[in-house]
Amino acid sequence: MSLLTGLLALILVIILAFVLYKVVKSVTTLIINAVVGVILLWLINLLGLMNLVGRPDIPINIITVLICAIGGVFGVLITVVLHLLGIPLTL
């Protein structure tokens, strides 16, 4: 193996390691955000926070869980606002 081939292989490995690091970091952040969103939705219903404003609990179904999992805390805020406006999130 020549010196040039070795250097090119080293550069490719460094680039690949950097790209993998960025991908794993972003996936980890998305997973944490999804878990926090679903837990917040569950806590809102557990603590009865919607009853304080005269509304029933937010129904936990596939649509609300997906919104909260994809959007995280922002998804929970969207779900709460839609529920307060009376827009149903059911199939």
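Residue numbers count from 1 along this sequence.
- Side chains of T29 and S26: a donor-acceptor N/O pair is absent below 3.5 angstrom, by distance only.
- The line from CG of L3 to CG of L7 is 5.0 Å long, rounded to the nearest 0.5 Å.
- Both L89 and I62 sit in one connected hydrophobic cluster of ILVMFWY residues. Membership requires side-chain heavy atoms under 4.5 Å apart, directly or through other members.
- Here the OG1-CG distance, from T5 to L10, works out to 12.5 Å after rounding to the nearest 0.5 Å.
- For V24 against T28, the heavy-atom pair with the smallest separation is O-OG1, 2.7 Å.
- Note: the hydrophobic cluster containing I11 does not contain L16 (ILVMFWY, side chain heavy atoms under 4.5 Å, direct or indirect links).
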Could you pull out all donor-acceptor pairs under 3.5 Å where a side-chain atom in residues 30-52 meets a protein atom, sequence neighbours excluded?
{"from": "N45", "atom 1": "OD1", "to": "I58", "atom 2": "N", "distance (Å)": "3.0"}
{"from": "N45", "atom 1": "ND2", "to": "I58", "atom 2": "O", "distance (Å)": "2.7"}

Can you give the donor-acceptor pairs under 3.5 Å from side chains of residues 70-83 to other protein atoms, not counting sequence neighbours?
{"from": "T79", "atom 1": "OG1", "to": "G75", "atom 2": "O", "distance (Å)": "2.8"}
{"from": "H83", "atom 1": "NE2", "to": "P56", "atom 2": "O", "distance (Å)": "2.8"}

